[in-house]
Each structure stands twice: as C-alpha cells, then as structure tokens.
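Reviewing the structure listed below.
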Amino acid sequence: MDRSPLFDTFARAPIAFERGEGVWLTTTDGRRVLDFSSGVAVNVLGHAHPALVGALKAQAEKVWHVSNLYRIPEQERFAATLCGATFAEKVFFCNSGAEAVECALKTARRWHFVNGHPERTRIITFAGAFHGRTLATLAATGNPKYLEGYGPPAHGFDQVEIGDLKAVEETIGPETAAILIEPIQGEGGIRLVPGHFLRALRELCDRHGLLLIFDEVQTGIGRTGKLFAYEWSGVTPDVMTAAKGLGGGFPVGACLATADAAKGMTAGTHGSTFGGNPLAMAVGQAVLDVLLADGFLDDVARKGLYLKQRLAAVVDSHPDLVDEVRGEGLLVGVRCKVPVAEVNAAMRDQDMLGVGAGENVIRLLPPLIVSDAELDEGVRRFDAALAALERAKAG
Ligand SMILES: *Cc1c(COP(=O)(O)O)cnc(C)c1O
C-alpha cells in the first residue's frame with residue numbers, strides 16, 4: 001500500500017469499481033454494490049443516466065472547452081436556468097465546492113469594498129461546518145484537525161456555535177462582512193439548522209448591513225427534496241454556493257448571488273480557466289432539466305420520508321448500535337453508538353456503500369432516482385450489516 005504513487009491523503013477502502021448503472025456499481029471483481037453514497041452527494045441521477053451520457057456525448061462532438069474570454073452560450077443558458085429556479089440573478093461557474101465558497105467569500109468582501117467599506121472582511125462561520133480544503137475555506141471550516149501543520153489560518157474568520165444567536169450578535173463588529181452557514185451541516189453529521197435560527201441570521205444581516213451566504217454544496221441540487229434547502233426555511237440568502245450534485249458527477253461548481261451582492265465582481269476581479277466550459281455546462285443543464293421536470297423533487301421528498309420511516313424501525317431493533325435517524329429528503333444520517341467506520345465496513349460486507357460524517361453519523365445518500373424497491377433493498381442491507389455487527393460483538 002505504501003508503494004502507491006498517489007498522495008496518501010485518503011484512507012481508501014479496499015474496493016474499486018469498473019462501471020455503474022442507476023444506483024448500482026459493479027466492482028472490478030464483478031460484485032454488484034448498492035450505492036447509497038452517490039460519490040458523497042454527487043451522482044444525483046445515479047450512474048450512467050442516459051440523459052447525462054447523451055448530453056456529454058453530444059457536446060463532446062461539438063466543442064469541449066473555450067476560454068471565458070469569449071461568450072459561452074451553454075454557460076449563459078445554464079446560468080439562466082439556475083437563476084430562474086432560485087433567488088439568484090447572477091452566477092459564477094467554477095469546478096468544485098471549495099472554489100464556489102472562495103468565490104462567495106470574495107464576493108462578500110468586494111461588495112463592502114465597492115460600498116466604501118474595505119475594512120469589512122471578516123466572516124462569521126459555525127462550529128461543525130465544512131466549507132472545503134483550500135487555505136481560505138479551511139479557515140472558514142475551522143476544524144483544528146484539518147488546519148494542523150498548514151501554518152497560520154487565513155485571516156478573517158470568527159466561529160460560533162449553531163443556535164447561539166447572542167454569540168453571533170456579540171461577534172459582529174465593524175470589520176464583519178458576512179455570515180456563512182450550511183442550512184444543514186453535511187460533513188458535520190447531517191445537523192439541521194432550525195428555521196428560526198436562519199431567520200434570525202437574516203434579520204441580523206439586514207440590520208448590520210452584512211451579506212448572508214448559504215453553503216449549499218451538499219444540500220443543494222434536489223438532495224433535500226427542494227432544489228435548494230433554503231426553500232424549506234423561507235429564508236433567502238444574498239449569496240449561495242453549489243457544486244457536488246450540480247454536474248451529476250461532472251465537476252461543476254457555482255456561486256449564485258443577487259445582482260446587488262455580485263456588483264463588486266467586475267471584469268478582471270475574479271476568474272477561472274475551466275469554470276463553465278461547454279462540456280460542464282451541457283451536463284449541468286441536463287441534470288437540471290431532469291430535476292426540474294414536473295413532480296421529480298416532490299417524489300424525492302416523499303422517498304426521503306419513506307426511507308426515514310423504514311430506518312426508524314431498523315434503529316429501534318438495534319438500540320445498542322444506532323440511536324437516531326436525521327435529515328431531510330434523501331440527505332439522511334443515522335447516528336451510531338459504535339465507531340461509524342465499523343458500520344461502514346459492515347455495510348460494505350453487505351455490498352452497500354454509505355458515507356461517514358461528524359458526530360459518528362453514517363450518511364445514506366442514494367441517487368435521487370432511487371426506486372422504492374431499491375430503498376427497501378438498502379434498508380434490508382443496512383439492517384443485515386447491523387445484525388452482523390451484533391453477532392460479531394456477541395461472539
Ligand atoms: C463538499 C463540500 C464542500 C467542498 O467541496 P469540494 O468540491 O470538495 O471542494 C464545501 N462545502 C460543503 C457544504 C460541502 O459539503
């Protein structure tokens with residue numbers, strides 16, 4: 001293993017895949033595995049969805065990449081679709097979640113700069129957050145484990161506890177630019193942020209002239225049964241990030257904003273070589289066309305309720321191993337009382353994939369196209385994994 005030519009930054013499970021179809025992956029040694037990880041909330045339409053394969057192939061035969069020095073019709077069209085379906089009026093395209101958050105942070109600082117307040121650079125973030133692995137998004141994340149060894153964290157982040165409105169108010173100062181929050185913390189363990197807290201943050205931002213940024217890299221693109229999770233709360237941000245599911249597996253990130261919030265991002269102030277290239281845009285457009293079709297998102301919400309109901313029964317029958325089901329739509333977590341890595345390994349033994357998260361939570365994130373029968377199969381395998389763990393512990 002230590003002869004791998006790769007950086008050792010991932011502790012990889014000993015399993016590899018050759019192809020996929022829908023919610024199923026086939027390993028290099030021919031086993032069929034039920035994918036309730038979706039590449040960490042990425043493959044919203046599962047593997048090899050015909051609409052995405054078709055869009056990719058069709059665009060591949062036309063043009064893959066042109067620079068943002070020129071107009072890109074596919075990009076303008078995709079941005080218009082995103083704006084039509086959200087609060088946003090402007091979009092910047094990039095290639096990953098961290099880049100989308102970087103753009104959101106820069107947008108907030110520039111907004112204050114062009115408003116005559118260059119001193120307003122600080123961003124309030126929340127304990128348990130995850131915003132990415134670049135130096136700035138790491139500082140926003142604030143997790144000491146990820147920051148260790150990388151020198152002084154990037155300037156300008158103040159972290160408080162979710163729900164502690166008083167701490168947020170006390171932290172706001174003359175240098176504060178924005179508040180950055182995930183409507184549901186994904187990596188942090190599917191921690192739901194109460195709607196009243198989001199509403200209170202909105203009021204604070206309005207009162208103090210701050211921008212409200214929602215990081216929807218994990219919660220967006222239909223995962224919770226709405227296109228974006230902020231729709232559940234009725235609270236509208238000024239700036240929002242998306243990535244993970246946005247390209248259905250093709251690397252696409254986006255920073256969305258109101259026209260006012262984006263007004264400082266003028267020609268030459270930000271850029272990306274690859275961001276928004278025709279290939280990425282064609283696939284992203286195909287993802288949204290499926291998600292925005294009549295009834296699709298309502299069905300995701302329904303399937304999410306069904307999955308949580310079925311999981312609640314599983315949790316009841318394994319009280320020594322698991323104790324809580326949480327989440328919204330198909331962004332579901334089960335809190336474990338044994339190390340989540342053990343549960344994940346036991347699931348792999350049942351030919352099923354999940355993803356670990358903070359607070360010892362196992363995430364179950366099936367592709368949004370999962371059928372009821374496949375949800376049943378997932379619940380059956382999850383139950384079998386827990387039963388096997390119980391037997392191993394008893395024996
Ligand atoms: C995954 C994630 C990111 C980082 O995305 P990358 O594509 O890995 O850079 C940022 N924010 C949230 C909420 C995420 O879940």
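Note that the numbering runs from 1 along the sequence shown for the chain. Indexing begins at 1, ligand by ligand and atom by atom, following the structure's order.
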Test log, rule side-chain contact (heavy atoms from CB on, under 4.5 Å), inputs F92 and S272: CA-CA 9 Å; F92 180 90; S272 169; 4.0 Å; yes
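Counting non-hydrogen atoms of neighbouring residues, nucleotides and ligands closer than 6.0 angstrom, the CD atom of E89 exceeds 12 such neighbours.
Residues lining ligand 1 at a heavy-atom distance below 4.0 Å are given as S96, G97, A98, F130, H131, G132, E182, D215, V217, Q218, K244, ordered by chain and residue number.
Less than 6.0 angstrom separates the ring centroid of F93 from the ring centroid of F78.
Considering all non-hydrogen atoms of both residues, L364 and M347 come closest at CD2-CE, 3.7 Å. Across all non-hydrogen atoms, the minimal contact from F126 to L180 is CD1-O, 3.5 Å.
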For residues 233-251, which side-chain N or O atoms pair as donor and acceptor with protein atoms under 3.5 Å away, sequence neighbours left out?
residue : atom : partner : partner atom : Å
S233    : OG   : Y230    : O            : 2.8
S233    : OG   : V235    : N            : 3.1
D238    : OD1  : R202    : NH1          : 3.4
D238    : OD2  : R202    : NH1          : 3.3
D238    : OD2  : R202    : NH2          : 3.0
D238    : OD2  : L212    : N            : 2.8
T241    : OG1  : D215    : OD1          : 2.7
T241    : OG1  : E216    : N            : 3.3

